[in-house]
Amino acid sequence: MTVYSEILGNMLREPEWEEKLKNVEVDFIPLDQWTAQKSRFLAKGASGKEYPVALKRHTQVADGDIIEFNPEEGKAAVLRIELNPVMVVELDGMVDHKPEDLIRVALELGHAIGNQHWPAVVKGTKVYVPLTVDKKVMMSVMETHHIEGITFRFEKGFDVIPYLLPHEIRRLFGGAGHESHAHTHSHDHAHGHIVHCHDHDHEHGDHHDHDHDHPHHHEHD
């Protein structure tokens, strides 16, 4: 079985490939956004053929990447990536507000997003949050918190890609598969850490009870 270890070109970004693929049979290989973050995976094309892919580590595949081109046999194989929509939160209406208002809104928004364990990327006055649950659930969360001074909307994943750096793209679209939400939470924060405080009751031999708050620092990747 052939192992595909090289990206030959991109049919969406490189015009010359449009001509090369014109007279060949193209097998489109659908990838979800999580598989697309990997450099090694086994995918199945629309034809039913399986494609074992083993690229160099940290290779970022893109929609339209060509992994097979055989003009003699008139065949080619192209990756097609399906990205989830993204919620775009606009804070530009807060720019002229007082610092204490900005702090309040930032904390409220951070609480709303962080409490749901949603990954996010901040770019200027916009916050990008990938759709990891049903859109109605995300809308309900935002409307329940009703944070004054912000607006939000949903955009296609591909439409926000041009505004993001590679590591930000991975943060939004390469976090975790659907199955992980049932067992673990995947956090990918830009900087810093989260501090959780837990109350513990300790009873000592002198019959004195002591309550201690222990801050635990968890680094998240």
Undergrad: Would you mind reporting whether L109 and M142 have side-chain heavy atoms less than 4.5 Å apart?
TA: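 Yes, at least one pair of side-chain atoms sits under 4.5 Å.
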Undergrad: With a 4.5 Å heavy-atom cut-off, do F154 and V88 have their side chains touching?
TA: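 No, side chains not in contact.
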Undergrad: With sequence neighbours left out, write down each residue that passes salt bridge (charged side-chain N to carboxylate O under 4.0 Å, His left out) with E19, or none if nothing qualifies.
TA: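 Applying salt bridge (charged side-chain N to carboxylate O under 4.0 Å, His left out) to E19 gives K22.
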Undergrad: Can you name the ring pair (Phe, Tyr, Trp, His ring centres under 6.0 Å) partners of Y128, sequence neighbours left out?
TA: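 Y128 satisfies ring pair (Phe, Tyr, Trp, His ring centres under 6.0 Å) with no other residue.
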Undergrad: Can you list the other members of the hydrophobic cluster that holds L107, where links are side-chain heavy atoms under 4.5 angstrom apart?
TA: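 Noted: L107 shares its cluster with I103.
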Undergrad: Can you sort out the partners of R153 under salt bridge (charged side-chain N to carboxylate O under 4.0 Å, His left out), two or more places apart, ordered by chain and number?
TA: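 If we apply the salt bridge (charged side-chain N to carboxylate O under 4.0 Å, His left out) test to R153, skipping adjacent residues, the hits are E90, E155.
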Undergrad: Would you name the heavy atoms of A120 and V127 that are closest together and state the gap between them?
TA: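 Of all heavy-atom pairs spanning A120 and V127, the closest is CB-CG1, 4.0 Å.
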Undergrad: Applying side-chain hydrogen bond (donor to acceptor under 3.5 Å, both in side chains), name anything that partners K123, two or more places apart in sequence or on another chain.
TA: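 K123 satisfies side-chain hydrogen bond (donor to acceptor under 3.5 Å, both in side chains) with E168 once adjacent residues are dropped.
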Undergrad: May I ask you to list the residues sharing a hydrophobic cluster with V95, side-chain cutoff 4.5 Å, ordered by chain and number?
TA: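 When side chains under 4.5 Å apart are linked, V95 ends up in no cluster with other residues.
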Undergrad: So which heavy atom on Q116 is nearest to which on A112, and how close?
TA: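 That closest heavy-atom pairing would be CG-O, 3.4 Å.
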Undergrad: More than 12 foreign heavy atoms under 6.0 Å from CG of N115: is that the case here?
TA: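 For N115, atom CG is crowded (more than 12 foreign heavy atoms under 6.0 Å).
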Undergrad: Counting only pairs under 3.5 Å, give me each side-chain donor-acceptor contact of residues 58-80, with atom names and distances, residues two or more places apart or in other chains.
TA:
unit_1, atom_1, unit_2, atom_2, d
T59, OG1, K56, O, 2.6
Q60, NE2, Q37, OE1, 3.3
D63, OD1, R80, NE, 2.7
D63, OD1, I81, N, 2.9
D63, OD2, R80, NH2, 3.0
D65, OD1, N10, ND2, 2.8
D65, OD2, A62, N, 2.8
E68, OE2, Y4, OH, 3.1
N70, OD1, E72, N, 3.2
N70, OD1, E73, N, 3.0

Undergrad: To the nearest 0.5 Å, tell me how far L131 CG sits from L83 CG.
TA: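 Atom-to-atom, L131:CG and L83:CG are 12.0 Å apart.
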Undergrad: Which pairs would a plain distance check flag for residues 25-32, meaning a side-chain donor or acceptor within less than 3.5 Å of a matching protein atom at least two apart in sequence or in another chain?
TA:
unit_1, atom_1, unit_2, atom_2, d
D27, OD1, A46, N, 3.0
D27, OD1, S47, N, 3.0
D27, OD1, S47, OG, 3.4
D27, OD2, S47, OG, 2.6
D27, OD2, Y51, OH, 2.7
D32, OD1, W34, N, 3.0
D32, OD1, T35, N, 2.7
D32, OD1, T35, OG1, 3.0

Undergrad: For H111, which residues count as a ring pair (Phe, Tyr, Trp, His ring centres under 6.0 Å) partner, sequence neighbours excluded?
TA: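 Ring pair (Phe, Tyr, Trp, His ring centres under 6.0 Å) list for H111, sorted by chain: H145.
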Undergrad: For residues R13 and P15, report the shortest heavy-atom separation together with the two atoms involved.
TA: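 Closest approach of R13 to P15: O-CD, 3.5 Å.
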Undergrad: Of all the heavy-atom pairs spanning L55 and E6, show the shortest one and how long it is.
TA: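 Minimum heavy-atom separation between L55 and E6: CD2-N, 3.6 Å.
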Undergrad: Rounded to the nearest 0.5 Å, what separates atom CG in L12 from atom CD in E14?
TA: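 Going from CG on L12 over to CD on E14, the span is 10.0 Å.
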Undergrad: Any pair with a residue in residues 73-94 that passes ring-ring contact (aromatic ring centres under 6.0 Å, His included), sequence neighbours left out, goes on the list, sorted by first then second residue, please.
TA: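 Every pair satisfying ring-ring contact (aromatic ring centres under 6.0 Å, His included) with a residue in residues 73-94: there are none.
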Undergrad: Is E100 atom CD crowded by more than 12 heavy atoms from other residues, nucleotides or ligands, each under 6.0 Å away?
TA: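 Buried by this count: over 12 neighbours within 6.0 Å.
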Undergrad: Hey, could you give me each pair passing salt bridge (charged side-chain N to carboxylate O under 4.0 Å, His left out) that has a residue in residues 132-142? Not counting sequence neighbours.
TA: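 For residues 132-142: none.
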Undergrad: Which residues pass the side-chain hydrogen bond (donor to acceptor under 3.5 Å, both in side chains) test with E16, not counting sequence neighbours?
TA: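 Once residues adjacent in sequence are excluded, E16 has no partner under the side-chain hydrogen bond (donor to acceptor under 3.5 Å, both in side chains) criterion.
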Undergrad: Check whether any side-chain heavy atom of N84 lies under 4.5 Å from a side-chain heavy atom of T132, and answer yes or no.
TA: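 Contact flag for N84/T132 side chains = no.
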Undergrad: Does any part of the side chain of M94, heavy atoms only, come nearer than 4.5 Å to the side chain of D101, both counted from C-beta?
TA: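 Yes, their side chains come closer than 4.5 Å.
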Undergrad: Looking at CE of M87 and CZ of F152, how far apart are the two atoms once the value is rounded to the nearest 0.5 Å?
TA: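 If we round to the nearest 0.5 Å, M87:CE and F152:CZ are 7.0 Å apart.
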Undergrad: Search all heavy atoms of M138 against all heavy atoms of P130 and return the closest pair with its distance.
TA: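 Closest approach of M138 to P130, heavy atoms only: CE-O, 3.7 Å.
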Undergrad: Looking at V86 and G157, what are the two nearest heavy atoms and their distance?
TA: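 That closest heavy-atom pairing would be CG2-CA, 4.2 Å.
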